[in-house]
Structures are given as C-alpha cells and as structure tokens.
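Note that the numbering runs from 1 along the sequence shown for the chain.
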Amino acid sequence: MKDLIEYIAKALVEEPDEVSVECLEDSDNSYELYVSADDRGKIIGRKGRTVNAIRTVLAAAVGE
C-alpha cells in the first residue's frame, strides 16, 4: 500500500524527490504522506477532490 501511495503522489507533484510515506504505528491502514509545501495543493486538489480520488483508489486496492 505504501508503494502505491508513493507512486500516485510522485505522479502528481512537481518535486517527486520530496515525497515520502510513513505507516503509522497505531494502525495498519493509516499512512502519512509528506510532500513539499508547494505541492500540497496539488495533492489536495480543489475542494479536496484529488485527495478523495486517491482515497477511493486505495480503498479499491484494499478491497473495501
């Protein structure tokens, strides 16, 4: 899952070298995505549409 998140994020941002993903220790299904400050808007998208689309793809990959 971590690799999929990283792959999607790197395709969307201007600075793919700044992308990192960490799995939270509290939960197996929670991840934190880090991007450069200039790329945050590209990940979130207008009214959160891009980040919601990413969540949908991840949910489909998991099978939820």
Side-chain angles (χ1 to χ4, degrees):
M1 186 62 63
K2 179 180 174 180
D3 294 333
L4 179 59
I5 297 169
E6 189 172 338
Y7 177 78
I8 293 170
K10 284 184 176 183
L12 293 173
V13 298
E14 294 287 325
E15 298 178 34
D17 296 335
E18 298 283 326
V19 173
S20 66
V21 180
E22 293 183 13
C23 181
L24 297 178
E25 294 179 12
D26 299 343
S27 174
D28 293 334
N29 295 331
S30 296
Y31 295 87
E32 286 188 354
L33 173 63
Y34 298 97
V35 297
S36 69
D38 295 335
D39 288 329
R40 285 186 203 150
K42 291 183 177 155
I43 294 292
I44 296 170
R46 286 190 178 169
K47 296 184 181 179
R49 289 181 185 157
T50 304
V51 74
N52 285 334
I54 293 170
R55 287 181 184 136
T56 302
V57 169
L58 296 174
V62 171
E64 291 182 1

Are Val57 and Val62 grouped together when hydrophobic residues (ILVMFWY) are joined by side-chain heavy atoms under 4.5 angstrom apart?
-> yes
Exactly one of Ile43, Leu12, Leu33 clears side chain to side chain contact (heavy atoms under 4.5 Å, CB included) with Val19, and that residue is Leu33
Let me check something: any side-chain donor-acceptor pairs from residues 2-10 under 3.5 Å, sequence neighbours excluded? List them with distances.
from, atom 1, to, atom 2, distance (Å)
Lys2, NZ, Val21, O, 3.4
Glu6, OE2, Lys10, NZ, 3.1

Should Ile54 and Met1 be regarded as members of a common hydrophobic cluster, given that ILVMFWY residues are connected when their side-chain heavy atoms come within less than 4.5 Å of each other, either directly or indirectly?
-> yes
Does anything in residues 42-58 pair up under salt bridge (Lys or Arg N to Asp or Glu O under 4.0 Å), and if so which pairs, sequence neighbours excluded?
-> Glu14-Lys42
Sorted by chain and residue number, the side chain to side chain contact (heavy atoms under 4.5 Å, CB included) partners of Ser36 (sequence neighbours excluded) come out as Glu15, Glu18, Asp38, Asp39
